[in-house]
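This report concerns only the one structure given below.
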Number of protein chains: 2
Amino acid sequence: MAKKIGKLGHRGRGSSALTRQRVLEEALGLLDREGITSLNMRQLAAHLGVTPMALYNHVSDKDDLLRGVAALVVDNVSYGSDSDDWREEIRTCFRALRNACLAHPGIVRVVESAKALPSSIFRPMEIALAALRRAGLEAEDAFRAYCLLMSFTMGQISYETRGPYPAADPAEASRQGQLSAATFPASAAAVLAMADRDWDNDAAFEFGLSTILAGLNNFARAKATSKRRSRTTRASKD
Amino acid sequence: MAKKIGKLGHRGRGSSALTRQRVLEEALGLLDREGITSLNMRQLAAHLGVTPMALYNHVSDKDDLLRGVAALVVDNVSYGSDSDDWREEIRTCFRALRNACLAHPGIVRVVESAKALPSSIFRPMEIALAALRRAGLEAEDAFRAYCLLMSFTMGQISYETRGPYPAADPAEASRQGQLSAATFPASAAAVLAMADRDWDNDAAFEFGLSTILAGLNNFARAKATSKRRSRTTRASKD
DNA sequence: ACCTGAACACCGTTCAAGT
DNA sequence: ACCTGAACACCGTTCAAGT
């Protein structure tokens, strides 16, 4: 027993042994504190007080590490809602996804560079698809709508966490005189309008969500009436 | 003059000297043929028959190289249309962006990993913003709508070019039994519905575009009537 | 001004060896 | 079973030297 204490005690920090969980958690911490460029096997090993090669006992690959970190962020998110309005269900689902990612801004670059995603991303997909089917969309349209929602959400999060590209930020470009009112009038006007008030990412996300849901609602209602009409036609034929 | 010919003649391929343009074009070719992992200074230099360090005479940085390659893909795209329907203008604009990117699938990863974007990214922004203003949106809403359209388009292209993540592809997951109808009924149904017909990325993109435009149209019309109403109210007060 | 060659400070990962 | 240490095959980039 003394042997056991001694064995655990001589490890760097704490008395815990190296486990996959500990590796992934330290990786996420490193990502949060120092960004994705610091998330490499050597620095991670150093933070765990261990040799780089020790990590390979708990992680098969760097890509496995990245997938594991992504899973850590996304696995325990609650995507469900108790509303019976399909639009509110979808709102809650993608808001939850966005909030989880914004809590660990570096995770977006991890997801973008990972070769595979944790399979738990099927959970928001399931919820969204179910809600969309309940709205009256057919399977194929529902999947297209899901792609639309997911693409927008991930794109938006990517933009938010990376910050606007220096060369693509209207405000920055206007400061450097690249965005003259002569060649880019609409963009220059947008900069002018945004100059005073702070840009609100939450509001931009909600705007996007509402716009998509309005469009999907239009689509679902059109689908419903065309179905009803064809039913009436059939009935009158009888 | 013979000296000049000799000087040019002893270069690896062709008689052209190394220029920034030639470096960027070869980089794009390398990207197209072998993907982003092969797009590095050493391999690029080898393809140009030159030492890695020779590239730094025409490119300040690897990030400068990436930005240059992105510019090559995006600079000469024509985003405009001759329609006077703002929705058609926006369709043409983002279709053009998508087509340009799909012509060089690797470019998406380049854009994602680049620290800066070519400033010609303002051209589609300008066209989209102008169309949205003409639709009746105020500056801030127009910019939010632009972000929505751009996020969706880039997200969609990213999904298309990377191919679905092995762990996030419903069809693949269902094949491996990760997507049982018991736990993920809606997703399993989607796979079933998509099993026979091929998934049509173009149709999915058009679906997304139409949905967003329908939502924006709703928004613009609501804005217009609320404005008209307040004007009437004011008039009746007079 | 443009290019070369050697070198440096990094990466992920293999391999043989220790306990 | 788990970890170490040295090594390999890569990266981007600096620096001194050549023309």
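Convention: sequence-line order gives letters A, B, ...; per-chain numbering from 1.
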List the residues meeting ring pair (Phe, Tyr, Trp, His ring centres under 6.0 Å) with B:Tyr79, not counting sequence neighbours, and say none if there are none. none
Below the 4.0 Å mark, does D:dC11 have OP1 or OP2 next to a side-chain nitrogen or oxygen of B:Gln43? yes
Scan nucleotides 12-19 of chain C nucleotide by nucleotide, 5' to 3', and note B when protein non-hydrogen atoms come under 4.0 Å of the base, S if they reach only the sugar-phosphate, - if neither. BBBB----
Taking DNA chain C as the partner, which of residues 64-71 of chain A come within under 4.0 angstrom of it by heavy atom? none
Side chain to side chain donor-acceptor pair (under 3.5 Å) against A:Asp200, all qualifying residues, sequence neighbours excluded: none
Check side chain to side chain donor-acceptor pair (under 3.5 Å) between B:Asp63 and all other residues, then give those that pass, not counting sequence neighbours. B:Arg67
Partner residues of A:Asp75 under the side chain to side chain donor-acceptor pair (under 3.5 Å) criterion, sequence neighbours left out: A:Ser120
Measure the distance from CG on B:Leu55 to P on C:dC3 and round it to the nearest whole Å. 9 Å
In whole angstrom, what separates B:Arg22's CZ from C:dC2's P? 14 Å
Side-chain donor-acceptor contacts of residues 48-58 of chain A below 3.5 Å, not counting sequence neighbours, with atom names and distances?
from    : atom 1 : to      : atom 2 : distance (Å)
A:Asn57 : ND2    : A:Ala54 : O      : 3.4
A:His58 : NE2    : A:Leu18 : O      : 3.0

Which atom pair, heavy atoms only, marks the closest approach of A:Leu129 to B:Ala186? CB-CB, 3.8 Å
Per-residue pairing states of DNA chain D in dot-bracket (Watson-Crick or G-U under 3.5 Å; . unpaired, | other strand) read ||.|||||...|||||.||
Apply side chain to side chain donor-acceptor pair (under 3.5 Å) to B:Arg109 and list each qualifying residue two or more places apart in sequence or on a separate chain. none
Between C:dA1 (P) and B:Arg20 (CZ): distance, integer Å: 18 Å
For A:Arg20, enumerate each residue passing the salt bridge (Lys or Arg N to Asp or Glu O under 4.0 Å) test, keeping only those at least two apart in sequence or located in another chain. A:Asp64
Listed by chain and number, what are the salt bridge (Lys or Arg N to Asp or Glu O under 4.0 Å) partners of A:Glu89, not counting sequence neighbours? A:Arg134
Check residues 151-159 of chain A and write down every donor-acceptor pair under 3.5 Å in which the side-chain atom is one partner and the other belongs to a residue at least two apart or another chain.
from     : atom 1 : to       : atom 2 : distance (Å)
A:Ser151 : OG     : A:Cys147 : O      : 2.9
A:Thr153 : OG1    : A:Leu149 : O      : 2.7
A:Gln156 : NE2    : A:Glu160 : OE2    : 3.4
A:Ser158 : OG     : A:Glu112 : OE2    : 3.2
A:Ser158 : OG     : A:Arg162 : NH2    : 2.8

Within the structure, does a side-chain N or O atom of B:His58 lie under 4.0 Å from either OP1 or OP2 of C:dC3? yes
